[in-house]
Amino acid sequence: QVQLVESGGNLVQPGGSLKLSCTASGGFFSINAMGWYRQPPGKQRELVSRISNDDTTNYADAVKGRFTISRDTAKNTVYLQMNSLKPEDTAVYYCHAQALRRRYSTTWEDYWGKGTLVTVAS
C-alpha cells in the first residue's frame, strides 16, 4: 500500500516560516490528490490544504494568504509552505493522499502519514 512520509515539522517562533514535505511511495497505480490536514491539541482534525492532479487547490480559511501548497507529481511529493505562523497553527500535520491501488480501480482510497509536529511558540 501507499506509504506517506512527512518531514519538516519543528518549533518555530510566531511570524516565522516552515516548509513541510511529504513523499508517497509503495504499491499504487496513481495518486489523484494530496493534501495536508492538522489536528491542534484538544481539537478535531481539519483540512489545511489540498491539491488535485489538475492543480486545483483549496485552503482552510484560517491559512489563506499564509500557506501555499504545491506538488511535484514526478516525485509524488507534496509541500506546504507556511508563512506568518501563529500559535494557533500549532498542531500535528498529517499528509494525505488519494490514490488508485491498481489500474481500473473504481474507488479512490485514502492514505495517511503518521504526522509531523509543528509548534509555534516564542
- Message: Suppose the criterion is salt bridge (Lys or Arg N to Asp or Glu O under 4.0 Å): which pairs have a residue in residues 8-34, not counting sequence neighbours?
- Response: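 Checked against salt bridge (Lys or Arg N to Asp or Glu O under 4.0 Å) - neighbours excluded - no pair reaches residues 8-34.
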
- Sequence neighbours excluded, every pair satisfying salt bridge (Lys or Arg N to Asp or Glu O under 4.0 Å) that has a member inside residues 40-50: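 Those involving residues 40-50 are Arg38-Glu46.
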
- Message: Between Leu85 and Leu18, is the side chain to side chain contact (heavy atoms under 4.5 Å, CB included) condition met? List the steps.
- Response: CA-CA 8 Å; Leu85 283 162; Leu18 205 59; 3.9 Å; yes

Using every non-hydrogen atom in the two residues, find where [X] and [Y] come nearest and quote the distance to one decimal.
{"X": "Tyr111", "Y": "Ala99", "result": "CE1-CB, 3.9 Å"}
{"X": "Cys95", "Y": "Val78", "result": "SG-CG1, 3.9 Å"}
{"X": "Ala121", "Y": "Pro14", "result": "C-CD, 3.5 Å"}
{"X": "Leu100", "Y": "Thr107", "result": "CD2-O, 3.8 Å"}
{"X": "Ile51", "Y": "Arg71", "result": "O-NH1, 3.8 Å"}
{"X": "Leu47", "Y": "Asn58", "result": "CD2-OD1, 3.9 Å"}

With no hydrogens and no angle check, is any side-chain donor or acceptor of [X] less than 3.5 Å from a backbone partner on [Y]?
{"X": "Tyr59", "Y": "Ile69", "result": "yes"}
{"X": "Thr90", "Y": "Val120", "result": "yes"}
{"X": "Glu6", "Y": "Tyr94", "result": "no"}

- Look at the side-chain heavy atoms of Ile, Leu, Val, Met, Phe, Trp and Tyr, link any pair under 4.5 Å apart, and say whether Val2 and Tyr93 land in one connected group.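 Hydrophobic grouping puts Val2 with Tyr93.
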
Just distance, no hydrogens or angles: give the donor-acceptor pairs under 3.5 Å from side chains in residues 20-37, sequence neighbours left out.
residue, atom, partner, partner atom, Å
Thr23, OG1, Thr77, OG1, 2.9
Asn32, OD1, Asn53, ND2, 2.9
Asn32, ND2, Gln98, OE1, 2.6

- Message: If the condition is side-chain hydrogen bond (donor to acceptor under 3.5 Å, both in side chains), which residues does Asp61 pass it with, not counting sequence neighbours?
- Response: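 Here the qualifying residues are Lys64.
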
- side-chain hydrogen bond (donor to acceptor under 3.5 Å, both in side chains) involving Ser17 - partner list, sequence neighbours excluded: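 Ser17: side-chain hydrogen bond (donor to acceptor under 3.5 Å, both in side chains) contacts with Asn83.
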
- Within residues 45-92 or reaching into it, pairs that qualify as disulfide (SG to SG under 2.5 Å) - sequence neighbours excluded: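 Sorted result for residues 45-92: empty, none.
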
- Output, in order, the C-alpha distance, side-chain angles, deciding distance and verdict of side chain to side chain contact (heavy atoms under 4.5 Å, CB included) for Leu117 and Thr119. CA-CA 6 Å; Leu117 178 63; Thr119 302; 3.6 Å; yes

